[in-house]
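Only one structure is covered here, and it is reproduced in the block below.
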Amino acid sequence: MVGAGVGGLVAGLRLARRGCVVTIFERRAAPGGKLAWLERDSFSWDMGPSLLTMPHVFTDLFRELGEKIEDHLDLVPLRATCRYHWPDGTVIDEDAAFWERPEVAAMLRHAAGLYDLSADAFLHHPLEDWWRQLLQPSMLAKLRHLPKVASFQTLADLGRRFFPRDAHLRQWFGRFATYNGSDPERTPAAFAIIPYVQARFGGWYVRGGLHEIARALRRLGEKLGITFRFGEEITGARPVGDGWELDGGKKFDVVVCNQDVLSAYPRFLPGAPWERFRRTRLDAMPLSISGFVLYLGVAREHPRLDHHNIFFSGDYAREFRQMFDEKQPADDPTIYVCVHSKTDPNRAPPGCENWFVLVNAPPLDPTRPLAWPTLGPAYAERILDQLEGRWGFAGLRGAIKVQEIFTPADFQTRYLAHGGALYGFASHGTMSAFRRPSIQPPGTRNFFFVGGSTHPGGGLPLVALGGKMVAERIIRQWRL
Ligand SMILES: Cc1cc2nc3c(=O)[nH]c(=O)nc-3n(C[C@H](O)[C@H](O)[C@H](O)COP(=O)(O)OP(=O)(O)OC[C@H]3O[C@@H](n4cnc5c(N)ncnc54)[C@H](O)[C@@H]3O)c2cc1C
């Protein structure tokens, strides 16, 4: 196993549970990958994921490993998944009452059909098996929803259809494209499944921080006999017989690679025919957006903030044009502020808050390089100006006790994420979900990819489902 991100951990745990001898090589000192952790001066932050959706994916995982999740993790449901703020003063809480608004409920009924049709086939099976799953007798009644999946409409088009008179709801709806790093004007309407999942399964926090998930998975791995080799980076591989040799000596029957697919290809699958596949298929796909993050320790409390908050930009379409077409950071970005200490006061000293401030940012593009080491601090000032000015957090700078900046260049270096893209590829175009690299690259034996840049995509529940898919494929192939 190469990499102890959530996808790698889940695949390794499931294989170890079936009696496989599993070794996980992880270049960093701790497990979790993007599910990382930062501590400074009694403040702590989750560096990556801040919201857990589809918690049943993890409940099922623990059960299938013979454990009860509540013995390992304290999952906390949130009253409202997010509080949305607009420049005109409108504030909406995404709570139970919100999901019952007639126009929102109508959209959810539409999306429920999409979920019924595609969740099992798409989220639980490799891409190659999708059509076969759809043709199962149990699916026949659901095939009436197929036109919703195959539609040429975008998520933004669907927003215009369901919310023709409400610009705020259109912007709220479009934001779900960013859950997989994409532009609502280019993301297929089928991604309406994301708000549906959020409404149906809720938004959750893990007490102590979401990174507790990685810690718990590591403990379970050690219990199941997995060997963790932290601080060891795998830099090359070659097929030997039916198995693989890593870094010129370590021999394994099967390799599961949790490295970002694009950055992994030259290392693990160099030369023909893989090189050609990478150039013609993968390099032609747009990268997902990256992120620009401020981790702020704020010595003040803000009653008008909820656990998750979005401060919407004035011109959403322009924001995505700047990122995807002009390859520039948006000059008026939508700002996400997550304050875990609202639910978990231990995450900050008394009277203080731990702000995780995230704005979308363009992935790195060698043809239009951005000097993030100098641009980063200037962009941080722009965001703080907006928070203090337009959003009314006067004197915020004076209350900041700790400030750390994380740019797209850091995402690339720290996680080997190609271009710093958070989710591998953007989901642009009707067929984008089906063009994601398969868990088993063409022309390989006993080599698998797992994680956010392969099927079924990014986000904690999806990479965990990907880990399950890979483990099941290996178990079936090796008749374990
Ligand atoms: C800022 C941010 C916010 C996010 N917010 C959310 C959220 O709120 N909710 C949500 O569900 N998801 C969120 N995500 C997405 C989620 O974090 C990812 O989709 C998921 O964690 C990716 O898991 P992965 O299995 O792809 O592994 P990764 O996290 O990419 O980890 C891969 C691991 O492999 C290691 N590795 C790579 N190559 C090698 C090698 N050659 N040798 C040894 N080790 C190697 C790396 O060091 C790393 O530890 C967010 C991501 C970011 C960055």
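Whatever order the structure lists them in is the order used to number ligands and atoms, beginning at 1.
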Can you confirm if the aromatic rings of F406 and F292 lie within a centre distance of less than 6.0 Å? no
Is there a donor in the side chain of Q171 and an acceptor in the side chain of Y84, or the other way round, less than 3.5 Å apart? no
Show me which atoms of ligand 1 lie under 4.0 Å from any heavy atom of V6. 25 (O)
Parallel under 30°, tilted from 30 to 60°, perpendicular over 60°: which one fits the rings of F43 and W45? parallel
Taking both backbone and side-chain atoms of R267, is any N or O found less than 3.5 Å from an N or O belonging to ligand 1? yes
Only residue of F268, F252, F447, F448 satisfying ring-ring contact (aromatic ring centres under 6.0 Å, His included) with W244 is F447
Using heavy-atom distances only, which candidate in P49, G48, G452 approaches atom 26 (O) of ligand 1 most closely? G452
As an exercise, identify every atom of ligand 1 less than 4.0 angstrom from a heavy atom of G7. 25 (O)
Give the residue, atom name and distance (to 0.1 Å) of the protein heavy atom nearest atom 22 (C) of ligand 1. V463 CG1, 4.0 Å
With heavy-atom distances below 4.0 Å as the criterion, list the atoms of ligand 1 near G458. 19 (O)
Are any of the N/O atoms on L358, whether in the backbone or the side chain, positioned under 3.5 angstrom from an N/O atom of ligand 1? no
If the contact criterion is a heavy-atom separation under 4.0 Å, does F411 count as touching ligand 1? yes
Tell me which protein heavy atom sits closest to atom 15 (C) of ligand 1, plus the residue, atom name and distance to 0.1 Å. Y423 CE2, 3.6 Å
Counting heavy atoms only, name the option from K34, R27, M1, R229 that's nearest to atom 43 (C) of ligand 1. R27
List every atom of ligand 1 that sits less than 4.0 Å from any heavy atom of L422, numbering the atoms from 1 in the order shown and giving each element. 53 (C)
Taking atom types as modelled, find out whether Y336 and S50 have a side-chain donor-acceptor pair closer than 3.5 angstrom. yes
If you measure from OG on S427 to CG on L155, what distance do you get to the nearest 0.5 Å? 10.5 Å
Please identify which atoms of ligand 1 are closer than 4.0 Å to at least one heavy atom of E233. 42 (N), 43 (C)
With nothing but distance in play, are any N or O atoms of G459 less than 3.5 Å from an N or O of ligand 1? yes
Just how far is it from atom CG of L287 to atom OH of Y423, taken to the nearest 0.5 Å? 14.5 Å
Mark up the atoms of ligand 1 that fall under 4.0 Å of a heavy atom belonging to G33, in ascending order. 29 (O), 31 (O), 48 (C), 49 (O)
Under 4.0 Å between a Lys/Arg side-chain N and an Asp/Glu carboxylate O for E212 and R207? no
W86 pairs by ring-ring contact (aromatic ring centres under 6.0 Å, His included) with which of F312, Y316, W172? F312
Is G291 near ligand 1, meaning one of its heavy atoms is under 4.0 Å from it? no
Identity and separation of the nearest protein heavy atom to atom 42 (N) of ligand 1: I234 N, 3.0 Å
Tell me whether the centres of the aromatic rings in Y205 and H340 are closer together than 6.0 Å. yes
State the atoms of ligand 1, each with its element, that fall below the 4.0 Å cut-off from a heavy-atom position in R28. 47 (O)
Where does the angle between the aromatic ring planes of F320 and F324 fall among parallel (under 30°), tilted (30 to 60°) and perpendicular (over 60°)? parallel
Distance col, row L73:CG vs F58:CZ, nearest 0.5 angstrom, shows 9.0 Å
N or O contact, Q259 vs ligand 1, cut-off under 3.5 Å: yes
Test item: side-chain donor near acceptor, N354 and S341, under 3.5 Å: yes
What residue and heavy atom of the protein are closest to atom 47 (O) of ligand 1, and at what distance? E26 OE2, 2.7 Å
Which residue owns the protein heavy atom closest to atom 11 (O) of ligand 1, what's the atom, and how far is it? L460 N, 2.8 Å
Look at atom 34 (O) of ligand 1 and find which of G236, A417, G3 reaches it with the closest heavy atom. G3
Which residue owns the protein heavy atom closest to atom 24 (P) of ligand 1, what's the atom, and how far is it? N258 ND2, 3.6 Å
Atom 40 (C) of ligand 1 [closest protein heavy-atom partner, distance rounded to 0.1 Å]: V2 CG1, 3.4 Å
What part of E232 sits under 4.0 Å from ligand 1 if we count only heavy atoms: the side chain, the backbone, both or neither? backbone
Check the angle between the aromatic planes of W355 and H302 and answer parallel, tilted or perpendicular using the 30° and 60° thresholds. perpendicular
Proximity to ligand 1 by part of L51, non-hydrogen separation under 4.0 Å: both
Aromatic contact between H455 and F122, with the criterion being ring centroids under 6.0 Å apart: yes or no? yes
